[in-house]
Amino acid sequence: MIDLRLIREQPEQIKAALATLDADAPIDRILALDGRRRALVTENEALKAELNQGSKSVGRTKDAEARQGMIVRMRELGDRIAARDEEVKGVDAELHEALLRVPNLPLPHVPVGPDESANVVVAEHGAMPAFSFPAKPHWELAEALGIIDFERGIKISGSRFYVLRGDGARLQRALIAWMLDLHTQRHGYQEVYPPYLVLEQTLVGTGNLPKFGDALFRDAEEDKWLIPTAEVPVTNLYREEILDEALLPIYHVAYTACFRREQLSAGRDVRGIKRGYQFDKVEMVKLVHPDRSSEEHRRLLGEAEAVLQGLGLTYRTLQLCTGDLGFSAADKLDLETWAAGSGEWLEVSSCGNFLDFQARRANIRYRPEGGGRPRFVHTLNGSGLALPRTMIAVMEQYQREDGTIAVPEVLRPYLGGQEVIGPQPPIGPARTG
RNA sequence: GGGGAGAUGGCGGAGCGGCCGAUCGCGCCCGUCUUGAAAACGGGUAGGGGUUCAUCGCCCCUCGUGGGUUCGAUUCCCACUCUCCCCGCCA
């Protein structure tokens, strides 16, 4: 959430910035609620001070008659205060609710644009892979090798689910283990393994709620939601805490499954494993000193890039425009790798700088070294990387003419030295009925 | 799921319905003393909000959370959440 004081003091600048996001933020309503709330609070607090003083003198008054009179007056005063308190509570709740729906403001250097078409390619790495044979899309390769079973995935869980099998499952596991080792051993991250089910408040902290509940799976009877990304539980680890400044920066990396209830339109991204309701991801999360978030953002991007470079994958870097930033980020850089067989760029990482937007929602602060009031930390996160699409890139960029797939050098130690993924022992096609 | 105990400041641990935002101990910070340090001694040490240009100050709220009783609740009543112990069930 953005600072209420900022809205109060420079509403026009805020409105102008929000306009670049195509957001329907009710700034005028917030200003009205804020003014009303402060007037009510000031007034009511004066009455409370009077009541507190009065109640104390009741205790000191010995004369029974005078005492009775005071008690009657205090009772009336108390009733008035209670009524106003109700009013304050109502206005306060409305104000808070409205603030939670205001998106973060973009940093000044973020290009203005309506949607992803205005994103800017800022760098390209690696040559476009050239094959001496027609490159196949991963669903053909994987099906032929028997490393992904699409039919049985759909049978047990419905459309958009698949089953990794044999070396397919092992390849993903190798990728996960290697990525975690890379970030923990080379980039200074501490690994965490968080719950996949979280409370509503946790999702409010990262900005997923209250606005985007329709993209989430949840338990119908309890307040338990499936995480759409590890960012949610990991960022919220320090919710409602005041950290020592010396503890910053905090770097965490987590491997989790992710669950997203996307309204997947028929005919788009239907083939293969590019998009589904469940996918795995290795996620990096940083909590840092507010003066350092820009620098940490650049480093975060580099750490995600190190995964692609280690795997030897061709990729490019995109600076997202205002219209594609999402709700919580003030700045975002995406990494896309090339799906050589299906012929498209795949987003495998999205590195966001959230400034104090999430910290304010989740109330994550630090105590400055020399003492003083607690301040909000800045939060950042980025995938390092999303598994299905990394799998796609590996399969399609490392495919060979005979339909087998070479194993990237760095993964071989994780696969017992195996250099090639070939056909799996036959199980046969699914025959139902 | 059944039974019992508990939830107070960074930690430990008190708290007759008014003098308690809270005794005390530890920790931490600042002084005095010391060549320096320790010890000793003195002082200070929660968060949020309102008022203020800001500081100081003043005021309001917070003793797990939410309600209730009362002129007044950390203290009484109810509900919920969480923690610990015992029994049952279980990967």
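Below, chains carry the letters A, B, ... as their sequence lines are ordered, and counting in each starts from 1. What you see below is based on every heavy atom in this structure, not just the backbone, and it leaves out hydrogens, waters and symmetry mates.
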Report the distance from atom CG of A:Leu40 to atom P of B:C60, rounded to the nearest whole Å.
18 Å
Determine the Euclidean distance between corresponding C1' atoms of B:G68 and B:G25; express it in Å to zero decimal places.
37 Å
Can you name the side-chain contact (heavy atoms from CB on, under 4.5 Å) partners of A:Leu100, sequence neighbours left out?
A:Met1, A:His96, A:Val204, A:Pro210, A:Arg361
A:Leu247 CG to B:G10 C1': how many Å, rounded?
13 Å
Which range-with-range stems can be found for RNA chain B when each stem has 3 or more Watson-Crick or G-U pairs in a row and both distances sit under 3.5 Å?
B:1-7 with B:81-87, B:10-12 with B:24-26, B:27-32 with B:40-45, B:46-51 with B:57-62, B:64-68 with B:76-80
Check the pair A:Glu76 / A:Arg80 against salt bridge (Lys or Arg N to Asp or Glu O under 4.0 Å), numbers first and verdict last.
CA-CA 6 Å; A:Glu76 282 169 11; A:Arg80 273 169 68 201; over 6 Å; no
Side chains of A:Ser350 and A:Asp334: donor-acceptor distance under 3.5 Å anywhere?
yes
B:C76 versus B:C84 - spacing of their P atoms, nearest Å
25 Å
Write down the distance separating the P atoms in B:C89 and B:C82, rounded off to the nearest Å.
24 Å
5'-most contact on RNA chain B: A:Arg75 or A:Glu86, nearest heavy atom basis?
A:Glu86
Between A:Cys351 and A:Ala304, what is the shortest heavy-atom contact and its length?
SG-CB, 4.1 Å
Whole-Å distance separating the CG atom of A:Asp79 from the C1' atom of B:C71:
11 Å
Qualifying residues under side-chain contact (heavy atoms from CB on, under 4.5 Å), relative to A:Arg8, sequence neighbours excluded:
A:Leu4, A:Arg5, A:Asp34, A:Arg38
Using the C1' atom in both, what is the distance from B:G12 to B:C28, to the nearest Å?
15 Å
For B:U45 and B:G21, measure between their C1' atoms and round to the nearest Å.
14 Å
Using the C1' atoms only, state how far B:G64 lies from B:A5, rounded to an integer number of Å.
16 Å
Can you see which heavy atom on A:Leu40 is nearest to which on A:Val88, and at what distance?
CB-CG2, 3.7 Å
Taking atom P of B:G72 as reference, at what distance in whole Å does atom CD of A:Glu50 sit?
14 Å
A:Lys15: which residues meet the side chain to side chain donor-acceptor pair (under 3.5 Å) condition with it, sequence neighbours left out?
A:Asp28
If you take atom types as modelled and just measure distance, does the side chain of A:Arg67 reach the base of B:G72 with a donor-acceptor pair under 3.5 Å?
no
What string of B, S and - do you get for nucleotides 45-59 of chain B, 5' to 3', when a contact is any protein heavy atom under 4.0 Å?
-SSSBSS-------B
Atom C1', compared across B:G15 and B:G9: separation rounded to whole Å
14 Å
Between A:Arg80 (CZ) and B:C71 (P), how many Å, whole number?
17 Å
Separation of B:U65 atom P from A:Asp223 atom CG, nearest Å, is 19 Å
If I take atom CZ in residue A:Arg84 and atom P in nucleotide B:C61, what distance separates them, rounded to the nearest angstrom?
15 Å
Once you measure the plane-to-plane angle for A:Tyr366 and A:His289, does it fall in the parallel (<30°), tilted (30-60°) or perpendicular (>60°) bin?
tilted
Starting from C1' on B:C71, measure out to CD on A:Gln68 and report it in whole angstrom.
9 Å
Any donor-acceptor pair under 3.5 Å linking the side-chain atoms of A:Thr206 with those of A:Glu231?
no
Under 3.5 Å, side-chain donor or acceptor atoms of residues 188-200 of chain A against the rest of the protein: list the pairs with distances, not counting sequence neighbours.
| residue | atom | partner | partner atom | Å |
| --- | --- | --- | --- | --- |
| A:Tyr189 | OH | A:Glu303 | OE1 | 2.5 |
| A:Tyr196 | OH | A:Ala257 | N | 3.2 |

